[in-house]
Amino acid sequence: APPRLIVMFIDIDDIEPNRRHRFFEGIRQFLDAGFREGDLFTLFTWNRRVRVAMPPTSSRAQVEALMDGLATSNRWSESEILTQAAEAQKAQAQMDADFASSLGLGDIGLDPRADAEFEDWKKGEQRCGAIKRKATELKTLITSLVRVDMHKVLVFASDDLSLRPLPDCSTAHELNELADAANAYGMTIHAFHPPGQRERPLVFAGMPAMTAPTQMAVEYNKTFDQATGLLRLADRTGGLSAVGAGMSARRLEQAATELDNYYSIGYHFSEGNEDAPRQLRVTTKNPSYRVRARQSVVRLSETSRLRDELTANLYLPAQVQSQSPAFDVKIAGIERDGRFSQVHIELSILARDLVLLTSADEKRRGSFSVFVVGGRELGDASPVAEMKQEFEVETDAGDSRVVYEFRVRVRPDTRRLSVAVRDNVSGEVSTRLIMMPSDSRRSR
């Protein structure tokens, strides 16, 4: 059997210790049943951005030690702390208003309801932005692993991946792009919402109204809202999904057994509709058989594949001795630009390494495009910048070089840049990886 890369993404700070322990027991069973010699395991966590908690390893001892630490962790997420702080602020505002009213001071400008509505709106906007960033960075993580020639599976556990965190905010676009990337590169996503019902008591100032929702109804609606995005990801990529720590543990065990039981169907794409997901349905002649499949397949355009290859080059450079067109690239300087940095890059190419066309005026002309992306660690990458340059040279170019200077705007803590040059006449592409000077990162 071919080796596999098991990628796990954990985003479940907001879960009680007993449910956390139960969920990670399910992870242990998943590894016991599915992790074999030759496989690699890597773990990513979320704390405002994707972080590498464990680089790819084949050591079961290291993985089990990490799982034990996560299972016994007892900490709350930043979102929980913000929620508690907002609740305390609203309670204090209400007490101030009541105190002023008891003294006959009337309205002194305090509006607890407005404060509460503002805090709810602010938390909702923060939540929506965080979910979109998670989806975008997970998509980057998938494309970063393009060059890993292994069967890849993503186990995604999160306590909040809502499709609509706010009435006027939808994360469907980002989640659909994540699912399309997984389908384009053959990665299955098993998605879990381990917390389930948190069973925290609701505190009322007095007796709840007869029309007030029950605790179970409140928690059910909250759990359903937070799990909708996870269910969509699993459904679209042919993976398993579960809500609740107990169900997640059982589904994880099932997912482990399925690592060795899968099928592969291929067919020829007709031309057109590149980068657009095409709906897919797999059925069996025997109705008693159950089959699970991806909902769509994607034929990537040349430009999309180039951008993904460039992102992969950030962390898994192409092992090619000679590439064409050959080019030299260096960082000529770095300047601060507000919260970002402007990187001055010099690139030079031998004219004879590019395909030149002779025009009617007997001048030799060519064209190339430069693509640049920056990153910090695996799973992180900036948007790809693209620049096109046309040039002309003398009839006898010899060893003359085409020099191109440009600037890119990156975050100050960017560690590396991946640069690609494409000959727009021949279509040939070559890539280079350059490391940022360490002093530029310290200047942050």
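Source: prediction; values computed, not measured.
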Rounded to the nearest 0.5 Å, what separation is found between the [atom1] atom of [X] and the [atom2] atom of [Y]?
X: Leu141; Y: Phe9; atom1: CG; atom2: CZ; value: 8.5 Å
X: Leu252; Y: Leu31; atom1: CG; atom2: CG; value: 9.0 Å
X: Glu390; Y: Ser367; atom1: CD; atom2: OG; value: 4.5 Å
X: Leu178; Y: Thr140; atom1: CG; atom2: OG1; value: 9.5 Å
X: His193; Y: Phe156; atom1: NE2; atom2: CZ; value: 11.5 Å
X: Glu386; Y: Lys388; atom1: CD; atom2: NZ; value: 9.0 Å

Using every non-hydrogen atom in the two residues, find where [X] and [Y] come nearest and quote the distance to one decimal.
X: Leu40; Y: Met150; value: CD1-SD, 4.0 Å
X: Ile189; Y: Ala182; value: CD1-CB, 4.0 Å
X: Leu233; Y: Leu175; value: CD2-O, 3.5 Å
X: Phe192; Y: Val155; value: CE1-CG1, 3.9 Å
X: Glu253; Y: Gln29; value: OE1-OE1, 3.5 Å
X: Gly374; Y: Thr414; value: CA-CG2, 4.1 Å

Indicate yes or no: does [X] engage [Y] in a salt bridge with an N to O separation below 4.0 Å.
X: Asp160; Y: Lys222; value: no
X: Lys139; Y: Asp180; value: no
X: Arg127; Y: Asp225; value: yes
X: Arg147; Y: Glu309; value: yes
X: Arg401; Y: Asp328; value: yes
X: Arg292; Y: Glu258; value: yes

Less than 4.5 Å apart, any side-chain heavy atom of [X] and any of [Y]?
X: Val291; Y: Val282; answer: yes
X: Arg422; Y: Leu306; answer: yes
X: Glu64; Y: Met67; answer: no
X: Val372; Y: Met387; answer: yes
X: Leu161; Y: Thr228; answer: no
X: Phe44; Y: Arg51; answer: no
X: Arg290; Y: Thr284; answer: no
X: Ile334; Y: Met436; answer: yes

**Item:** Test side-chain contact (heavy atoms from CB on, under 4.5 Å) applied to Gln295 and Arg281, step by step
**Value:** CA-CA 7 Å; Gln295 285 190 356; Arg281 185 183 179 202; over 6 Å; no
Donor-acceptor pair between [X] and [Y] side chains, under 3.5 angstrom:
X: Ser304; Y: Asp275; value: yes
X: Thr143; Y: Asp308; value: no
X: Thr57; Y: Gln62; value: yes
X: Arg232; Y: Asn176; value: yes
X: Asp159; Y: Gln226; value: no
X: His344; Y: Glu335; value: no

**Message:** With side-chain contact (heavy atoms from CB on, under 4.5 Å) as the criterion, how do Arg278 and Ser296 come out once you've worked through the C-alpha distance, each side chain's angles and the decisive distance to 0.1 Å?
**Reply:** CA-CA 5 Å; Arg278 304 188 188 193; Ser296 64; 5.8 Å; no
Are more than 12 heavy atoms from other residues, nucleotides or ligands located less than 6.0 Å from atom [atom1] of [X]?
X: Asp168; atom1: CG; value: yes
X: Glu37; atom1: CD; value: no
X: Met54; atom1: CE; value: yes
X: His151; atom1: NE2; value: yes

**Request:** Determine, stepwise, if the pair Glu174 / Arg133 fulfils salt bridge (charged side-chain N to carboxylate O under 4.0 Å, His left out).
**Result:** CA-CA 9 Å; Glu174 287 76 13; Arg133 288 196 302 275; over 6 Å; no
Under the 3.5 angstrom rule, does the side chain of [X] hit a backbone N or O of [Y] as a donor-acceptor pair?
X: Ser241; Y: Leu231; value: no
X: Thr431; Y: Val419; value: no
X: Arg294; Y: Gly186; value: yes
X: Arg365; Y: Leu357; value: no
X: Arg4; Y: Gly38; value: no
X: Arg411; Y: Phe340; value: no
X: Ser418; Y: Leu310; value: yes
X: Thr171; Y: Ser162; value: yes

**Request:** Apply side-chain contact (heavy atoms from CB on, under 4.5 Å) to the pair Met8 and Leu154, showing each step before the final yes or no.
**Result:** CA-CA 6 Å; Met8 187 164 290; Leu154 173 62; over 6 Å; no
**Prompt:** What residues form a side chain to side chain donor-acceptor pair (under 3.5 Å) with Ser248, not counting sequence neighbours?
**Reply:**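 Partners of Ser248 by the side chain to side chain donor-acceptor pair (under 3.5 Å) criterion come out as none, since no residue qualifies.
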**Item:** Set of ring-ring contact (aromatic ring centres under 6.0 Å, His included) partners for Tyr404, sequence neighbours left out
**Value:**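 For Tyr404, the residues satisfying ring-ring contact (aromatic ring centres under 6.0 Å, His included) (neighbours in sequence not counted) are Phe368, Phe406.
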**Sequence-distant partners of Asp353, side chain to side chain contact (heavy atoms under 4.5 Å, CB included), two or more places apart** =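 Applying side chain to side chain contact (heavy atoms under 4.5 Å, CB included) to Asp353 gives Pro325, Ala326, Leu350.
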**Asked** How far apart are the C-alpha atoms of Ser348 and Phe327, what are their side-chain angles, what is the distance that settles it, and do they pass the side-chain contact (heavy atoms from CB on, under 4.5 Å) test?
**Response** CA-CA 6 Å; Ser348 65; Phe327 67 93; over 6 Å; no
